[in-house]
Structure formats: C-alpha cells, structure tokens
Amino acid sequence: INTTAGALPGLVKDSDAITELTITGSVDASDLFFIDDRLKNLKVLDLSGAKIESYSGDKLRGISTFPANFIPVGTFAGSSISEIKLPVTDGLSIGDMAFSATLVESIVIPGNVVSIGIGAFSNCTKLKTLDIADTAVGAYAFKGCRELTAVNFGGTALSESIFAECISLEDFNAHNSISFIPAKAFQGCVSLKHFGFSSDVRYIGESSFYNSGLESLQVENTSLDSIGPWAFANSSLEIVQLPNTLKHIGDGAFFECSKLHKFYIPESCTSVADYVFKDVKNSDTILVLPQGITSVGKYAFKGMNGVNHVTFPQTLSYLGDGAMENMENLSEIEASGLSSVPRLGKDVWAGIDPSKVRLNVDEKLEDDFKAAPQWQDFDIYSDLTGVEENVAKKENTLQARFKDNILSVRTYGEKLTRIEIFNPAGMLLMAVGVQGEEANIDTEALQGHMFIVVCRLEGSSAATLKLLR
C-alpha cells in the first residue's frame with residue numbers, strides 16, 4: 001500500500017484478512033497504532049519504503065503529539081508480528097517496549113537507527129538472530145529473548161541487562177571495542193561459553209555475567225581496572241587470568257564458581273572483598289596472597305577445600321569473619337613474612353582443626369602469635385624451624401635444592417609446567433614456564449636467602465616448598 005501520513009485506515013478494506021503488509025510513502029503514529037489495533041492477523045510488516053512523519057492531533061493512547069522518525073512507546077508490544085523491516089530514513093528512533101513480546105524471529109537494526117528504547121525487543125521469545133549497527137541501546141532492550149542464539153553487535157556501548165536471561169545465546173560477535181560491560185548485561189546467559197573481551201576493557205559491572213555459561217576469563221593483556229560485585233558469581237568459569245592493572249574486585253565476584261581451578265590475584269589489588277571466592281571448590285592447592293594485600297573480607301575463601309597451603313604477604317593486617325572457613329585440607333600457613341600479627345574477625349578458620357595446621361612465623365613474632373586468640377591454636381613454628389639448608393622434598397613426588405644460585409627441581413611422575421619463586425612476604429620474585437620433569441633456574445638476581453617455591457604440574461596440581469639458598 002502506498003499512502004500518506006494519516007490515510008492508512010481509509011485504504012485498508014478487510015483488516016482481518018491481512019497477514020502481510022508492505023507500506024510505501026509516509027505514515028505517522030496514528031497509522032502505526034491502527035496497524036497494531038486492527039490488523040490482528042498480521043505476520044509480516046515491511047516499513048523499509050516508508051517515512052514516519054510527525055503527528056499532532058487527537059490523543060493517541062493518551063498522547064497528542066509524536067515526533068517524526070519515531071516508533072512510539074509500546075506500539076507493537078505483544079502483537080503477532082513475526083517479521084519486521086524497519087524504515088531506512090535517517091535518524092530513526094525506536095521507543096521503549098515498541099516490539100516487546102512480539103513473535104519476531106530475526107531482526108536487522110540498520111545504521112540509520114540512532115536509538116533503541118528501554119526493553120524495545122524484550123521477551124521476544126521467538127527471536128533467534130540479531131544484527132545491530134552502531135546505535136544507542138537502552139537497558140533491557142533484548143532481555144528475556146530465550147531463543148536468541150547469535151548476535152552481531154556493531155556498537156561500542158552495551159546497556160544494563162541488555163541480553164539478560166537470553167538463555168540460548170551462544171555467539172556474541174562484537175565488531176568494535178567495548179570498554180565498559182554494564183550491570184547484568186549477560187546475566188543468566190547459560191549457553192554463553194566464550195566472550196571476546198577487547199584489550200581496552202576497563203570495567204566489568206555488577207552481576208554482568210552472573211549465572212552465565214562463561215568458561216574462561218582471560219583478560220591478562222587488557223586494561224581492566226575494576227570488576228563489580230557478583231560479576232561472575234555462579235558462572236561456569238574454570239580459568240581466570242587477570243591483569244596487573246586491576247585495582248578492585250567487588251564482593252562475591254567469583255562466588256560459588258564451583259568449577260574454577262586456576263586463578264591469581266594481581267599484585268595491583270590491595271584487598272580481597274567479602275565472599276569473592278566463596279565455595280570455589282576445585283581451586284588450586286596453593287593460595288598465595290600477593291604483596292600489597294592488606295585485608296581479606298568476610299567469607300572470602302570459605303569452602304575452598306582444595307587448598308592445602310596458604311601464604312600471607314607482609315602487608316596483611318586483617319582477616320574477616322569466616323574468611324577461610326571450611327578449608328578442610330589446609331595443612332600449612334606461611335606467615336613468616338608478616339611484619340605484625342593480623343587482626344581477626346569471628347571464626348576465621350571455622351571447620352578446620354588448627355592443631356593439625358603448621359603455622360610458620362617470624363621468630364620475632366612467635367610469642368605474639370602464641371598469645372593471640374585463634375592464632376594460638378595452630379601448630380606454630382618460627383621461620384627457620386624445620387627448613388633444611390638447601391634441599392626439600394614433597395611426598396616423594398618432587399625434590400628441589402639450591403646449588404649456589406641454581407635452583408634445581410625434579411619431579412617423579414608428573415611433568416612441570418611452571419615454577420614460581422616468592423619471598424617469605426608473599427611477593428612474586430620470578431615465574432618461569434617449564435616443560436618436563438627437570439628444571440634448573442638461575443636465581444642470582446634474586447635478593448634474600450629464604451624462598452617459597454611453588455611448582456605447578458600437569459593436571460593443575462601444585463606443590464609448595466620452602467628453601468634456604
């Protein structure tokens with residue numbers, strides 16, 4: 001139908017019989033509302049040859065004026081339309097909830113669209129594919145599109161909850177760098193296993209990937225500055241590699257990521273937030289808090305029952321309530337680098353028998369630890385007790401020794417993949433990737449005489465040794 005603005009109702013003779021409609025010419029808000037109100041069996045709507053004019057007159061759904069190039073708020077919400085072609089005129093805006101809960105199966109948002117309103121295509125439960133040009137997208141725009149599997153995204157900015165609860169989304173292809181991931185952007189996207197973070201990503205927002213299918217977070221070569229609270233909580237993450245630009249990890253960021261077995265806290269962080277790694281049950285056997293960490297929040301590492309060794313940095317001054325509760329396999333705490341006895345919250349090690357855990361401390365602080373509540377319950381050794389001069393063994397599977405400045409490590413069975421050398425304060429001094437059952441490392445450049453050596457093996461297992469050089 002070729003029409004002029006406001007004339008469409010007079011050109012339609014049998015509204016119930018129309019299932020497909022192509023419009024050329026011009027329309028206004030009154031025509032768009034007529035389509036929604038009267039063409040109840042319409043499945044295909046092609047507006048690519050039409051221009052939307054402004055409207056001023058009698059109130060339509062409570063409003064008397066509508067601008068040009070604008071699809072009004074809620075225009076087609078809940079309709080039976082399964083295919084829509086948008087106008088191609090410049091400056092087109094799509095109002096809030098304009099196509100919400102329609103039966104549309106595929107959408108192409110062309111470059112002439114300058115804005116998409118809040119929830120504009122939310123709960124389109126038949127939508128499977130989406131191509132969207134660089135445009136401003138409102139919050140919740142595609143939330144709840146449960147059959148959406150693939151998105152080609154040409155924009156540079158996402159919005160809050162934009163794809164939340166899109167449970168079938170598997171492929172998100174971003175054509176431009178996205179530096180800011182807003183809150184809940186991909187929350188509940190349980191089929192989204194991979195996400196290509198751009199090198200200039202700076203912020204990952206609150207609950208942005210909560211309960212998602214994401215399997216790895218490898219952003220070690222990015223400019224990431226902050227991870228918001230609960231960002232990856234309850235997700236399927238297995239590996240997390242973070243950059244040294246990261247300054248803040250929010251509360252519960254990796255809460256109950258039960259598959260996570262490999263992660264490092266960057267030295268750029270100064271605190272560990274509440275609940276951040278709670279119930280990360282398949283974690284590495286060694287937990288080394290880097291130099292610079294001053295506090296550990298409540299329940300931060302609760303339930304990490306894979307850990308058997310913890311190293312505290314010199315800077316640590318506080319451990320919160322239940323911070324290491326139910327670390328059932330904990331056998332050793334390396335605290336000889338501490339400059340003072342850290343303050344403790346309530347029941348920091350609840351569920352652990354401290355008498356079976358060796359606590360290594362500086363000999364100058366030994367009496368202070370033995371007098372401090374909770375600390376005094378451990379099997380306390382001063383920093384040199386039980387350390388052989390230059391050789392150490394681990395359960396007949398690994399041996400390490402110093403000969404002058406050369407650190408020699410040999411395994412019996414599993415192959416080495418990486419060796420990390422820390423000072424007693426928990427500062428990483430050297431990390432070397434290796435392959436095989438033997439490694440010889442020149443440590444001449446390292447200062448000090450006592451070192452903690454972490455040997456990582458194939459299969460994600462690890463062993464920690466304490467050596468004098």
To the nearest 0.5 Å, what is the distance between CG (Leu465) and SG (Cys455)?
5.5 Å
Tell me whether the centres of the aromatic rings in Phe66 and Phe33 are closer together than 6.0 Å.
yes
Verify the distance criterion only: is there a donor paired with an acceptor across the side chains of Asp225 and Tyr203 at less than 3.5 Å?
no
With a 4.0 Å cut-off on N to O distance, would you call Arg61 and Asp36 a salt bridge?
yes
Report yes if some heavy atom in the side chain of Ile23 is under 4.5 Å from a heavy atom in the side chain of Leu8; otherwise report no.
yes
Do Asp200 and Ser179 have side-chain atoms, one donor and one acceptor, less than 3.5 Å apart?
no
Answer with yes or no whether the side chains of Asp90 and Asn112 bring together a donor and an acceptor at under 3.5 Å.
no
Would the distance check show the side chain of Ser317 and the main-chain N or O of Thr294 forming a donor-acceptor pair, the cut-off being under 3.5 Å?
yes
Return the minimal non-hydrogen interatomic distance between Leu32 and Pro72, and the atom names on each side.
CD1-CD, 3.8 Å
How about NZ on Lys184, more than 12 heavy atoms from neighbouring residues, nucleotides or ligands closer than 6.0 Å, or not?
no
May I ask you to check whether over 12 heavy atoms, not counting those of Arg146, lie within 6.0 Å of atom CZ?
no
Check: Leu246 main-chain N/O paired with Ser268 side-chain donor or acceptor under 3.5 Å
yes
More than 12 heavy atoms from other groups under 6.0 Å of NZ on Lys128
yes
Indicate yes or no: does Glu256 engage Lys278 in a salt bridge with an N to O separation below 4.0 Å.
yes
Any side-chain donor paired with an acceptor under 3.5 Å for Ser100 and Ser122?
yes
With distance as the sole criterion, is a donor-acceptor pair present between the side chains of Thr102 and Ser79 under 3.5 Å?
no
Side chain proximity check, Arg418 to Val432, heavy atoms < 4.5 angstrom:
no
Donor-acceptor side-chain pairing of Asn152 and Asp131 below 3.5 angstrom:
yes
Using the side-chain hydrogen bond (donor to acceptor under 3.5 Å, both in side chains) criterion, which residues pair with Ser339? Sequence neighbours excluded.
none
Roughly how far apart are Asp96 CG and Ile118 CD1, rounded to 0.5 Å?
4.5 Å
Near-ring test Phe254/Phe263, centroid separation under 6.0 angstrom
no
Donor on one side chain, acceptor on other, Ser93 and Ser115, under 3.5 Å
yes
In plain terms, say whether Lys126 and Glu105 are close enough for a salt bridge, that is, a side-chain N and a carboxylate O under 4.0 Å apart.
no
What do you reckon, are the aromatic ring centroids of Phe163 and Phe172 less than 6.0 Å apart?
yes
Sub-6.0 Å ring centroid separation between Phe277 and Tyr264
no
